[in-house]
Amino acid sequence: DSDTDAKGSASVIFESSEDIEQMVSLSMAMTTLLLGGATLVAVIVSALGIQSVMLVNIAERTREIGLRRVLGASRRSIVFQFTLDSATLAAVGGVVGGLLAFALYPYLMRSVFSKVGPGELLNVSAGPSAWAICAGIAVSAVAGAVFGAMPAAQATRVQAAEIIREL
């Protein structure tokens, strides 16, 4: 077959520069989709982790919640407190991740990405983007707030009288 070389691997013949641009564009789109999917999975796993931490936190602080309810704290203020706690926890995680991205970027460029090759061939460069890291921190905080609000809302359903009897 004329489309295979002596080793049996297929060769690629480009008709024009538009073919190369189309192939590169398709490759970039697929890479973006794969990275986006991996990011989505990471956000969901992290959000579930935050929800687990908040469930444990709320379970340990059930007496405090009951006492606050007896003393007149509204359900809304308690939900807000725990939502703010979980959003802060997630935002701190996002900040640590962003700092790691900036810290590890030079190492990754020297060790991993220098061996890939197509980036140099196509003259493509990438770096950690401040706006992307800020967006990641914001997404982390929102995911933390949403997944932290659910256990907090459940905690406010505890009957204050039952908690006081246990004291």
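FYI, side chains are in, hydrogens and waters are out, and symmetry mates aren't considered; it's all heavy atoms of this structure.
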Hydrophobic cluster partners of Phe80 (side-chain heavy atoms under 4.5 Å): Leu84
Scan residues 131-147 for pairs that pass side-chain hydrogen bond (donor to acceptor under 3.5 Å, both in side chains), counting only residues two or more places apart or in two chains. Ser129-Trp131
Closest heavy-atom pair, Ile50 versus Ala90, reported as atoms and distance to 0.1 Å, is CD1-CB, 3.3 Å
Quick test of your reading: applying salt bridge (charged side-chain N to carboxylate O under 4.0 Å, His left out), list the pairs with at least one residue in residues 25-35, sequence neighbours left out, ordered by first then second residue. none
Which residues, ordered by chain and number, are linked to Leu99 in its hydrophobic cluster, where ILVMFWY side chains connect at heavy-atom gaps below 4.5 Å, directly or through other members? Val95, Phe102, Ile133, Ile137
On a heavy-atom basis, which atom in Ser86 and which in Gly144 lie closest, and how many Å separate them? OG-O, 2.8 Å
Hits for side chain to side chain contact (heavy atoms under 4.5 Å, CB included) against Val146, two or more places apart or cross-chain, chain-then-number order -> Val142, Met150
Salt bridge (charged side-chain N to carboxylate O under 4.0 Å, His left out): which pairs involve residues 25-51, sequence neighbours left out? none
Would you mind listing every salt bridge (charged side-chain N to carboxylate O under 4.0 Å, His left out) that reaches into residues 132-149, with sequence neighbours excluded? none
Find the distance between OG1 (Thr31) and CG (Leu26) and round it off to the nearest 0.5 Å. 9.0 Å
For a quick test of your reading: what N or O donor-acceptor pairs under 3.5 Å do the side chains of residues 34-47 make, sequence neighbours left out?
residue	atom	partner	partner atom	Å
Thr39	OG1	Leu35	O	2.8
Ser46	OG	Ala42	O	2.8

Considering only distance and modelled atom types, tabulate donor-acceptor pairs under 3.5 Å from the side chains of residues 51-61, sequence neighbours left out.
residue	atom	partner	partner atom	Å
Ser52	OG	Leu48	O	2.9
Arg61	NE	Glu64	OE1	2.9
Arg61	NH2	Glu64	OE1	3.3
Arg61	NH2	Glu64	OE2	3.1

With Gln81 via side chain to side chain donor-acceptor pair (under 3.5 Å) - residues at least two apart: Arg68
